[in-house]
Novice: 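Sending over a structure as structure tokens; questions will come in a sec.
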There are 2 protein chains.
Amino acid sequence: MKNRSSKAEEILDVAERMARTGGYNGFSFREIAKRVGIKAASVHYHFPGKDDLGAAVARRYTDRFLAALGPADNDSVAPEDLLQRYVDAYRRSIAEDDLMCLCGIFGAEIADLPAPVAEETRLFFERCIAWLTRVMSRAHPDAPQEKAAAAALRLTATMEGALILSRSLDDVTVFDGITYGMSIAP
Amino acid sequence: MKNRSSKAEEILDVAERMARTGGYNGFSFREIAKRVGIKAASVHYHFPGKDDLGAAVARRYTDRFLAALGPADNDSVAPEDLLQRYVDAYRRSIAEDDLMCLCGIFGAEIADLPAPVAEETRLFFERCIAWLTRVMSRAHPDAPQEKAAAAALRLTATMEGALILSRSLDDVTVFDGITYGMSIAP
DNA sequence: GTCTATAATTTGATAGAC
DNA sequence: GTCTATCAAATTATAGAC
């Protein structure tokens, strides 16, 4: 975990919220500064460029996301329950925060992102897929690794898409309908 | 179909390409004008505000997308083949154009879109779901309507997510892995 | 750490000539 | 339909005082 001042954390909080609403171009130094209660120039002190800020937001988001899931090979938790945790993590994004998944929206505009931000976005998915692949492998020890990885990719894609559709149709039950009975089957 | 000058179509072409890369904030009048070979003020002649341009891009995108699919109740085409058409339509987005689905990227940032653009985005999904629900119902005439609609939502979500992951991981085979064997099962 | 001041650029938009 | 000219606002960013 990075050692950061509380102001820096506040900046990340606001930047994340704005990015999860309007994407990488959906947040600005000025607007962040206004909401945090400082001046735009002061934001540059904490994060020199917008690249740095965007990458920091993405990295913190990813760290928190995976921390909330816990280790994939926790033997005291059934793989079915870990899978449910995964689905719930995405569901909270809309149900509690009314926000898009940061890396879902960054991923959609990945071709226009500065390299460091694009890289953090890619890492989010790689780490999520790795985590989920382990869970799948635990649930189906006899299934080949590729099957588990394929299931992890498909499940993650469905989650991101479920967020988009749920928000576009303005109906949280859309997410539930899509993820209902999301089986652990490989 | 709307009657538009060829310049207006050119503008829409460029705007769509840019929007499918960087989202709603990813295109500007000036940059469009430069690429089309006119001045920014001339773009305003064809589309008074950015809302209008964004909404027009989304509407044309949706019309074309559905036109490429053809009617859902075409009895001369098996529902399985229509489903494959649906998947292929998304696949072409990355495989041929190397672009995101316009309404996938718009949907991700829907909370920050001007109302007219958000509405067109919503309509894209409603029309796609309606089309796909019919196809599903044809494939499973005895299954309840809700099952068909739920399958349509899930399939569409998976497509949008597959585009995001495929682009983020910079690997088209990710899309194929996710959509492989996408059954017509309800 | 935060500020003022300022620069350089981009953006959406309009008025009016041709 | 397209242009020039222009505007007001927003954006990223830096220099230097406190």
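Below, chain A is the first sequence line, B the second, and so on; all start at residue 1. The shown structure was predicted, so the numbers you read here are calculated from the model rather than taken from an experiment.
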Novice: Would you indicate what A/Phe29 reaches in the nucleic acid, counting non-hydrogen atoms under 4.0 angstrom: base, sugar-phosphate, or nothing?
Specialist: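 Result for A/Phe29 = sugar-phosphate.
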
Novice: For C/dG1, take OP1 and OP2 only and decide whether either is under 4.0 Å from a side-chain N or O of A/Tyr45.
Specialist: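 For C/dG1, OP1/OP2 do have a side-chain N/O of A/Tyr45 under 4.0 Å.
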
Novice: Using whole Å, what does the distance between atom P of nucleotide C/dT9 and atom NZ of B/Lys34 come to?
Specialist: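 Those two atoms, NZ and P, are 13 Å apart.
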
Novice: So, is B/Ser28 close to the C/dT11 phosphate, meaning a side-chain N or O under 4.0 Å from OP1 or OP2?
Specialist: yes

Novice: Of the nucleotides D/dA13, D/dC7, C/dT14, which one has an atom closest to the side chain of B/His44?
Specialist: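 Looking only at side-chain atoms, B/His44 lies closest to C/dT14.
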
Novice: Give the rounded distance in Å between these two atoms: CG of B/Asn25 and P of D/dA10.
Specialist: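 About 14 Å, once rounded to whole Å.
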
Novice: What heavy-atom pair brings A/Trp131 and A/Leu82 nearest, and what distance separates the two atoms?
Specialist: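 Nearest pair, atom of A/Trp131 first, then A/Leu82: CH2-O, 3.4 Å.
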
Novice: Give the rounded distance in Å between these two atoms: CZ of B/Phe27 and P of C/dT10.
Specialist: 18 Å

Novice: Calculate, to the nearest 0.5 Å, the distance between atoms CZ and CZ belonging to B/Arg30 and B/Arg35 respectively.
Specialist: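 The distance works out to 15.0 Å.
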
Novice: Which nucleotide wins on minimum distance to the side chain of B/Lys7, given the candidates D/dT14, C/dT2, D/dT2?
Specialist: D/dT2

Novice: If only side-chain N and O atoms of A/Lys50 are considered, is one of them under 4.0 Å from the OP1 or OP2 phosphate oxygen of D/dT12?
Specialist: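 For D/dT12, OP1/OP2 do have a side-chain N/O of A/Lys50 under 4.0 Å.
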
Novice: What is the distance, to the nearest angstrom, from the NZ atom on A/Lys39 to the C1' atom on D/dT11?
Specialist: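 Going from NZ in A/Lys39 over to C1' in D/dT11 covers 16 Å.
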
Novice: Using whole Å, report how far CD1 of A/Ile38 lies from C1' of C/dT4.
Specialist: 14 Å

Novice: Over how many whole Å does the gap from B/Glu31 atom CD to C/dG12 atom P extend?
Specialist: 11 Å

Novice: Atom CG of A/Asp51 and atom C1' of D/dA13: how far apart are they, to the nearest Å?
Specialist: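 So the CG-C1' distance, A/Asp51 to D/dA13, works out to 12 Å.
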
Novice: For the residue pair A/Tyr61 and A/Phe124, does the interplanar ring angle fall in the parallel (under 30°), tilted (30 to 60°) or perpendicular (over 60°) class?
Specialist: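 Tilted, since the angle between the ring planes falls between 30° and 60°.
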
Novice: Using 30° and 60° as the class limits, which term best fits the ring planes of A/His44 and A/Phe29: parallel, tilted or perpendicular?
Specialist: tilted

Novice: So which one's nearest nucleotide on DNA chain D is more toward 5', B/Arg4 or B/Arg30?
Specialist: B/Arg4

Novice: Respond yes when some side-chain nitrogen or oxygen of B/Ser42 is under 4.0 Å from OP1 or OP2 of D/dC3, and no when none is.
Specialist: yes

Novice: Please give, in whole Å, the distance from C/dT10 C1' to B/Ile32 CD1?
Specialist: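 Those two atoms, CD1 and C1', are 14 Å apart.
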
Novice: Name the nucleic acid region contacted by B/Phe47, choosing base, sugar-phosphate or nothing; use a 4.0 angstrom heavy-atom cut-off, strictly under.
Specialist: nothing

Novice: Does A/Lys7 qualify as a cation-pi partner of A/Tyr45, given the criterion of NZ or CZ under 6.0 Å from the six-membered ring centre and within 45 degrees of its axis?
Specialist: no

